[in-house]
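Structure first, commentary second.
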Amino acid sequence: MWKGNTVIDRLNIDYPIIQAGMAGGVTTSELASAVSNAGGLGNLGAGYMAPEAMVDTIKEIKRFTSRTFGVNVFVPQYPQATEEETAGANKWLEPYRAELRIEQEPTLKQDLSLFEKQIEVLMTEQVPVVSFTFGVPPREVIKDLKKEGRVVIGTATTVEEAIINEEHGMDMVVAQGSEAGGHRGTFSGAFDQAMIGTMSLVPQVVDHVKIPVIAAGGMMDGRGVRAALALGAQGAQLGTAFVTCRESGAKAQHKDAILNTKETDTVVTSVFSGKPARGIRNSFIEEMEKGDGHHLLAYPLQNMLTKEIRKEAASQNRPEYMSLWSGQSPRLSTSQSASSIVESIVTYVEREYEEAVGKKR
């Protein structure tokens with residue numbers, strides 16, 4: 001049933017099942033390689049990684065698999081904040097730092113050359129698939145990657161963003177529905193106007209671009225993937241489904257939270273990073289959202305301010321102060337291996353296809 005699937009053909013994989021490139025340590029080399037070895041596309045979420053760490057992890061992935069894999073990076077944003085704004089943001093965070101015994105406030109210093117260095121690593125290490133989130137990179141970057149034979153994939157939360165990705169030369173585009181966990185990829189227009197569900201977004205994007213569309217958001221098993229393919233997507237990208245798997249680098253508290261929560265417990269919030277992201281509601285979110293929002297800095301500045309809080313909260317087993325990213329389908333989460341997740345999806349989709357063909361006969 002997979003014959004003629006553009007995503008499979010272009011990426012040189014067995015099945016159009018893609019593990020999302022979730023940044024922050026979730027996508028270990030073991031996870032990415034396991035998904036690729038199972039016939040899907042494993043991805044390293046390198047958004048926050050230093051070039052040296054990227055090289056080491058990419059080399060590990062290459063040792064663990066000979067199959068195609070990808071790396072996801074963030075299109076950079078460089079917002080500015082005044083001393084007054086920074087002081088106001090820190091004032092709201094002081095109680096958490098005091099409770100967690102964090103003595104120093106972080107320095108807001110952005111590496112303006114990080115993205116350029118990350119691209120150099122992707123070129124040097126000959127990463128076969130490169131995906132982007134939070135915007136579209138310069139045309140020259142896309143052109144250079146494609147010239148070296150790399151497949152480049154963009155992210156869109158609206159039809160307009162998908163068209164922009166196509167116009168800039170992306171080979172494929174991920175249509176990220178509002179059900180998705182973690183950060184929203186919105187880059188054109190207000191995020192609240194881009195909160196479009198996967199079932200609605202995918203077919204509209206398919207109808208307006210010629211490049212292959214990969215569905216994302218809320219899918220956790222074969223049923224979701226089958227539905228995405230029926231809507232016209234050529235592939236399906238799953239994130240939260242892999243967060244709780246054995247090879248995931250997610251903190252134990254993060255995994256437990258997803259495995260023991262329900263669909264009504266997730267919320268889209270900017271309090272951790274300054275950018276809207278879907279995660280499990282906890283006391284940090286509830287308390288921080290009592291303000292008028294002016295105490296939050298833009299991404300990635302707010303992310304820098306809360307980084308040590310989130311890190312110490314995990315270390316001290318305080319999940320109420322952690323960013324517990326999750327999509328809207330946590331009840332479907334499991335703690336099985338990454339390969340088992342891929343295999344169960346493939347089995348379901350193929351069985352449903354065969355039954356449908358049999359009925360037509």
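Owing to the predicted nature of the structure, the values given are computational and were not obtained by experimental measurement.
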Which value, rounded to the nearest 0.5 Å, describes the distance between [X] atom [atom1] and [Y] atom [atom2]?
X	Y	atom1	atom2	value
Asn165	Glu160	CG	CD	11.0 Å
Glu354	Arg351	CD	CZ	11.5 Å
Ile211	Glu166	CD1	CD	5.0 Å
Ile163	Thr158	CD1	OG1	8.5 Å
Phe272	Leu324	CZ	CG	6.5 Å
Ser333	Leu259	OG	CG	4.0 Å

Pairs involving [range], ordered by first then second residue, that meet side chain to side chain donor-acceptor pair (under 3.5 Å) (sequence neighbours left out):
range	result
residues 233-246	Thr6-Gln234
residues 214-226	Asp221-Arg223
residues 194-206	Glu179-Thr198, Ser200-Gln204
residues 273-290	Gln77-Lys275, Tyr96-Glu287, His183-Ser273, Thr266-Arg278, Thr269-Glu289

For residues [X] and [Y], report the shortest heavy-atom separation together with the two atoms involved.
X	Y	value
Ala233	Val202	CB-CG1, 3.9 Å
Val205	Ala162	CG1-CB, 3.6 Å
Phe74	Asn72	CE2-OD1, 3.9 Å
Ser270	Pro276	OG-N, 3.3 Å

With sequence neighbours excluded, what pairs up with [X] under the salt bridge (Lys or Arg N to Asp or Glu O under 4.0 Å) test?
X	result
Arg318	Glu99, Glu320
Glu263	Arg331
Lys311	none

When you measure from the side chain of [X] to the backbone N and O of [Y], does any donor-acceptor pair fall under 3.5 Å?
X	Y	answer
Glu312	Glu308	no
Gln176	Ala216	no
Thr68	Leu11	yes
Ser33	Ile61	no
Ser248	Ala250	yes
Gln302	Val271	yes
Thr27	Gly45	yes
Thr306	Ile309	no

Residues in side-chain hydrogen bond (donor to acceptor under 3.5 Å, both in side chains) contact with Thr65, at least two apart in sequence or another chain: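 Thr65 satisfies side-chain hydrogen bond (donor to acceptor under 3.5 Å, both in side chains) with Asn37 only.
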Contacts of type side-chain hydrogen bond (donor to acceptor under 3.5 Å, both in side chains), residue Ser36, not counting sequence neighbours: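 With neighbours one apart ignored, the set is empty.
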I'd like to know if [Y] and [X] are part of one continuous hydrophobic network [Ile/Leu/Val/Met/Phe/Trp/Tyr, side-chain heavy atoms within less than 4.5 Å].
X	Y	value
Val173	Leu229	no
Leu301	Tyr48	no
Val225	Ile8	yes
Trp92	Ile285	yes
Val268	Phe187	no

Would you say that [X] contacts [Y] through its side chain, given a criterion of any heavy-atom pair below 4.5 Å between the two side chains?
X	Y	answer
Ile345	Ile341	yes
His168	Pro137	no
Val7	Leu41	no
Leu100	Arg310	no
Ile142	Val136	yes
Arg150	Asp171	no
Trp2	Val349	yes
Val206	Leu231	no

Going through the checks in order, is the side-chain contact (heavy atoms from CB on, under 4.5 Å) test met by Val71 and Glu125? CA-CA 11 Å; Val71 174; Glu125 294 300 318; over 6 Å; no
Distance-only criterion, 3.5 Å: show the donor-acceptor pairs between side-chain atoms of residues 114-123 and protein atoms not counting sequence neighbours.
{"from": "Lys117", "atom 1": "NZ", "to": "Ser113", "atom 2": "OG", "distance (Å)": "3.3"}
{"from": "Gln118", "atom 1": "NE2", "to": "Ala46", "atom 2": "O", "distance (Å)": "3.0"}
{"from": "Gln118", "atom 1": "NE2", "to": "Met49", "atom 2": "O", "distance (Å)": "3.1"}

Are there more than 12 heavy atoms of other residues, nucleotides or ligands under 6.0 Å from atom [atom1] of [X]?
X	atom1	answer
Met199	CE	no
Lys307	NZ	no
Glu355	CD	yes
Lys251	NZ	no

Take the angle between the ring planes of Phe284 and Tyr321 and call it parallel below 30°, perpendicular above 60°, tilted in between.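 If you compare the ring of Phe284 with that of Tyr321, the planes turn out perpendicular.
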Quick one: do Phe64 and Phe69 satisfy side-chain contact (heavy atoms from CB on, under 4.5 Å)? Show the steps, please. CA-CA 11 Å; Phe64 296 154; Phe69 69 94; over 6 Å; no
For residues 265-274, pull every pair meeting salt bridge (Lys or Arg N to Asp or Glu O under 4.0 Å), keeping only residues two or more places apart or in separate chains.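 Matches after skipping sequence neighbours: Lys262-Asp265.
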Going through the checks in order, is the side-chain contact (heavy atoms from CB on, under 4.5 Å) test met by Val174 and Ser131? CA-CA 9 Å; Val174 173; Ser131 59; over 6 Å; no
Ignoring hydrogens and angles, write down the donor-acceptor pairs under 3.5 Å from the side chains of residues 17-26, residues two or more places apart or on other chains.
{"from": "Gln19", "atom 1": "OE1", "to": "Asn43", "atom 2": "N", "distance (Å)": "2.9"}
{"from": "Gln19", "atom 1": "NE2", "to": "Asn43", "atom 2": "O", "distance (Å)": "2.7"}

Is there a side-chain contact (heavy atoms from CB on, under 4.5 Å) between Leu297 and Leu108 once you walk through the steps? CA-CA 11 Å; Leu297 300 186; Leu108 295 181; 3.8 Å; yes
